[in-house]
Amino acid sequence: MVFIGREREIGWMRLYLEHEANKILAVTGKANCGKTALMQEVMKRLGATHTFFYLDLRLLDVSAPEDFVKVLLYLLRLARREQNFIRRLFNGSRFEFSVMGFKVSRDVKFEDVLQELYLALIEELKKVKNPVIVVDELQSLRELYYNGGKKLIDSVLEFFISLTKHQHLAHVIVLTSDSTFYAELYSKSGMEKRMRFYLLDELQREEAMELIRYWSREYDVELDPEGVYNYTGGNPALIEDIVAKVALYGEFEDVVKDELRMASAKIKRLIKKGFSFKRIEEMEYEEGQEWVEENVLFYNVQKECFEPQHRIIELAWGEVLKVRK
Ligand SMILES: Nc1ncnc2c1ncn2[C@@H]1O[C@H](COP(=O)(O)OP(=O)(O)O)[C@@H](O)[C@H]1O
Ligand SMILES: [Mg+2]
């Protein structure tokens, strides 16, 4: 797996992980800007000194509160590196509904199950060297409720706050591309004392150019990195995508024209649906939300403004604006 640059960000993460656990680290950034890749790289480099527990909630398919119990069981199993322990945990207890082959009873309160798992996890984490829990795609928990209205995310955050701020037992890193969800966390009262917020930018210009050169070599196409960068910016996924398409279809100009046409078509279609459309910087929070849901815009909580998800969208947005004037 190719990984380019990000030395500054890795250094910053290293600092966070080398200090005593005290706050949850909440990382956001545009979709495909490289959050997961950065995290994987940090785990690789610090694997000798820290014990990472990486949970990708999208991969683990968390779509109901019970699924999160599965995640906690999985985490426990990782921490314990054995199955029998979990059997013992539930053996003879009142739990009966079945998750991953373990029976948990339906009439047991969901929060009791959570509580029992949290406590068991705390005991296990105490035995592990520098534990770090990484939860990718945290927004998967956003709309999950238990006991008719309690938010699962609140319970999970309380648990993470206990692991960091209260017990200094484990570091916790949560990642999400969902800027609306992130904005909610950001504005939760008291959160600034419990969470460190970190917005990961796209690749710097030089890093992007290096990646363009890398993919050009891999796909065996000749491209002017400067020219490609004008259409991709520092979005690593977009860079690979465009270089790959050039390898497949031939001309760079045709490929970007096509990308721009598709992005413009999407924007126009959404305008027809009634989405408000103006200069991105002038978009009000409520107006921008629907564009965020459609993955066209990203809400930057720190600057309190919307930004295009990537360079092609920025260019397409500009073109549609020009035509409509
Ligand atoms: N620093 C990097 N160097 C090379 N490729 C990268 C880098 N960061 C991300 N990528 C690639 O870009 C794509 C999107 O990155 P990913 O980490 O999945 O984004 P995110 O998690 O922010 O949505 C992946 O294919 C990933 O391998
Ligand atoms: Mg990711």
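Counting starts at 1 for both ligands and their atoms, following the listed order.
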Practice problem: Around atom 6 (C) of ligand 1, find the nearest protein heavy atom and jot down its residue, atom name and distance. | Solution: P236 CB, 3.8 Å
Quiz item: In the protein, what heavy atom is nearest to atom 4 (C) of ligand 1, and what distance, to one decimal place, separates them?
Solution: V2 O, 3.4 Å
Can you list the ligand 1 atoms lying under 4.0 Å from a non-hydrogen atom of [X]?
| X | result |
| --- | --- |
| I4 | 1 (N), 2 (C), 3 (N), 4 (C) |
| A37 | 8 (N), 9 (C), 17 (O) |
| M1 | 27 (O) |

Salt bridge check, [Y] against [X]: does any charged N sit closer than 4.0 Å to a carboxylate O?
| X | Y | value |
| --- | --- | --- |
| K245 | D241 | yes |
| E184 | R142 | yes |
| K165 | E192 | no |
| K257 | E251 | no |

Quiz item: Which atom pair, heavy atoms only, marks the closest approach of N295 to A31?
Solution: OD1-CB, 4.3 Å
Quiz item: How does L175 reach ligand 1, if at all, at less than 4.0 Å between non-hydrogen atoms: by side chain, backbone, both, or neither?
Solution: neither
Does any N/O atom on [X] come nearer than 3.5 Å to any N/O atom on ligand 1?
| X | value |
| --- | --- |
| A31 | no |
| K35 | yes |
| L211 | no |
| N32 | yes |

Quiz prompt | Rounded distance (nearest 0.5 Å) linking atom NE2 of H50 with atom CE of M43 | solution = 13.0 Å
Exercise. Working to the nearest 0.5 Å, report the span between CE of M13 and CG of L200.
Key: 8.0 Å
Quiz item: Does a donor on one side chain sit under 3.5 Å from an acceptor on the other, for D136 and T36?
Solution: yes
Self-check item: Contact bool for atom 14 (C) of ligand 1 (protein heavy atom, d < 4.0 Å)
Solution: yes
Quiz item: For the side chain to side chain donor-acceptor pair (under 3.5 Å) test, which of W215, Y219, Y214 pairs with E240?
Solution: Y219
Practice problem: Check whether the ring centres of F275 and W291 lie less than 6.0 Å apart, and answer yes or no. | Solution: yes
Self-check item: Protein N, O or S atoms lying under 2.8 Å from the Mg ion (ligand 2), listed by chain and number
Solution: T36 OG1
